[in-house]
Amino acid sequence: MGLETTLVLCRFVHNASTMFLWGAFAYLALLVPKPLALEIGERLRPASGIAVFLAIGTIFAALPLQAGMIGQGWSDAVDLGTIRDVLLETSVGRGWAIQVAAALLLLPALALSPRRAHIALAMASGLLLASLAFSGHAIMREGWIGAAHRFNDMVHVLSGGAWIGALIPVMLILGRLRQAEWRVAAQTALMRFSSAGHAAVALVIASGVVNTTLVLRRLPADWTSPYQALLALKITLVVVLTGLALINRYVFVPRMRTSEAGSIRAIRLGTLTEIALGIVVLGLVAWFGMLEPV
């Protein structure tokens with residue numbers, strides 16, 4: 001496997017694990033009734049442990065890989081002098097140090113009681129996700145424009161992560177709708193997700209438009225540019241994701257009054273499709289984030 005491909009894969013795994021932790025546990029901590037949140041959180045405990053391990057592991061793997069990309073390949077990726085120079089003398093290194101500090105906050109969260117762990121995991125993963133703004137295209141700009149760009153990047157990844165990451169517990173909560181002891185709590189949790197989801201989707205779209213304007217200053221319509229082609233594909237998939245979310249909310253949810261079982265199956269299928277498309281979007285971001293934005 002080539003160095004660039006390895007770094008893209010590393011970025012993808014890191015972004016996916018961090019977004020899962022942020023979206024899932026922010027949702028459980030803030031919007032899901034406590035007894036149901038504890039039950040769903042227990043179901044997600046193994047996955048959250050794996051996600052924490054992957055988020056931290058990929059952070060530490062990223063710096064040598066980036067050193068190799070800046071230098072002469074794999075030989076520089078394992079050269080301590082090159083790695084030190086990248087860490088101490090480049091914006092890549094400074095951004096990496098911020099991400100490491102945020103990532104290490106995930107570890108103590110795993111040792112807390114379940115309810116506190118939800119809050120701590122959400123806060124630590126939110127900080128880690130926001131710190132990605134210090135390693136992307138936003139670092140190319142300085143002054144107030146650069147600061148605004150980084151803030152916009154933070155809004156974009158946090159709102160996107162809140163949306164996509166929460167879909168995992170949403171899938172589990174959907175299965176509780178037909179269980180009498182969980183039905184009311186599940187309905188409450190899903191309606192709260194729907195309301196918060198509107199805001200998250202709106203922020204994803206608005207911050208995406210701002211980000212495209214800041215980076216390209218035009219629509220990504222030049223298909224000869226790999227960056228623009230991949231960005232356009234990402235935008236298309238986000239539009240599809242938005243459409244699926246709206247269909248779930250405004251077509252199948254109202255039908256639950258007359259055809260509950262069929263509507264729940266349709267919502268589950270739509271949610272699974274959103275998760276799959278979200279994974280593809282994360283892969284595209286990991287890929288075109290490595291390219292020159294032209």
Side-chain angles (χ1 to χ4, degrees), residues 16 19-20 22-33 35-37 39-41 43-44 47 122 155-212 219-220 231-285:
M19 282 195 169
F20 160 67
W22 159 245
F25 288 99
Y27 176 49
L28 292 177
L30 299 175
L31 300 178
V32 179
L36 181 58
E39 200 270 340
I40 298 297
R43 290 284 305 275
L44 291 175
V155 172
H156 193 63
V157 295
L158 288 172
S159 55
W163 174 15
I164 301 301
L167 293 175
I168 305 297
V170 163
M171 282 293 298
L172 298 177
I173 291 171
L174 282 169
R176 303 302 188 275
L177 282 173
R178 304 185 72 179
Q179 299 176 13
E181 67 271 29
W182 294 118
R183 183 178 178 84
V184 173
Q187 289 176 334
T188 300
L190 292 171
M191 290 307 296
R192 288 175 179 174
F193 171 77
S194 177
S195 299
H198 283 70
V201 171
L203 286 172
V204 167
I205 294 172
S207 58
V209 170
V210 172
N211 196 50
T212 299
L219 292 173
L231 175 58
L233 179 56
K234 177 208 169 185
I235 292 171
T236 301
L237 291 178
V238 170
V239 170
V240 174
L241 277 163
T242 303
L244 286 170
L246 291 174
I247 290 171
N248 273 351
R249 175 62 182 88
Y250 292 106
V251 176
F252 294 120
V253 169
R255 286 185 185 175
M256 290 178 66
R257 299 187 185 94
T258 56
S259 178
E260 182 176 276
S263 296
I264 291 175
R265 284 196 298 270
I267 293 170
R268 286 175 65 89
L269 179 60
T271 304
L272 279 171
T273 306
E274 286 184 63
I275 293 171
L277 291 178
I279 291 171
V280 175
V281 167
L282 291 178
L284 290 172
V285 171

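Keep in mind that what you see is a predicted model, and the values were worked out from it rather than measured.
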Pairwise distance [atom1]([X]) to [atom2]([Y]) - rounded to 0.5 angstrom:
{"X": "L36", "Y": "Q179", "atom1": "CG", "atom2": "CD", "result": "9.5 Å"}
{"X": "L174", "Y": "R265", "atom1": "CG", "atom2": "CZ", "result": "13.0 Å"}
{"X": "E274", "Y": "T242", "atom1": "CD", "atom2": "OG1", "result": "8.5 Å"}
{"X": "L241", "Y": "L277", "atom1": "CG", "atom2": "CG", "result": "5.0 Å"}
{"X": "R176", "Y": "E39", "atom1": "CZ", "atom2": "CD", "result": "4.0 Å"}
{"X": "Y27", "Y": "L167", "atom1": "OH", "atom2": "CG", "result": "9.5 Å"}

Do you know the tightest heavy-atom contact between [X] and [Y]?
{"X": "A122", "Y": "W22", "value": "O-CE3, 3.2 Å"}
{"X": "I267", "Y": "F252", "value": "CG1-CB, 3.6 Å"}
{"X": "R192", "Y": "L31", "value": "CD-O, 2.8 Å"}
{"X": "R268", "Y": "M171", "value": "NH1-O, 3.4 Å"}
{"X": "M256", "Y": "L177", "value": "CE-CD1, 3.8 Å"}
{"X": "A245", "Y": "W163", "value": "CB-CZ2, 4.4 Å"}

Are the side chains of [Y] and [X] in contact, using a 4.5 Å heavy-atom criterion?
{"X": "I275", "Y": "I279", "result": "yes"}
{"X": "F193", "Y": "V32", "result": "no"}
{"X": "I235", "Y": "P220", "result": "yes"}

Between T273 (side chain only) and L269 (backbone N and O only), is there a donor and an acceptor less than 3.5 Å apart?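 Pair found, side chain donor or acceptor close to backbone of L269.
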So does S259 get a backbone contact from the side chain of S263, meaning a donor-acceptor N/O pair under 3.5 Å? yes
May I have the step-by-step check of side-chain contact (heavy atoms from CB on, under 4.5 Å) for N248 and V253, ending in yes or no? CA-CA 6 Å; N248 273 351; V253 169; 5.6 Å; no
Evaluate the criterion side-chain contact (heavy atoms from CB on, under 4.5 Å) for residue pair I173 and W182; output intermediate values, then yes/no. CA-CA 9 Å; I173 291 171; W182 294 118; over 6 Å; no
Are more than 12 heavy atoms, taken from residues, nucleotides or ligands other than L246, located less than 6.0 Å from that residue's CG atom?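 Enclosed: over 12 neighbouring heavy atoms sit under 6.0 Å from CG of L246.
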Tell me, with the steps shown, if L172 and L44 meet side-chain contact (heavy atoms from CB on, under 4.5 Å). CA-CA 9 Å; L172 298 177; L44 291 175; 3.8 Å; yes
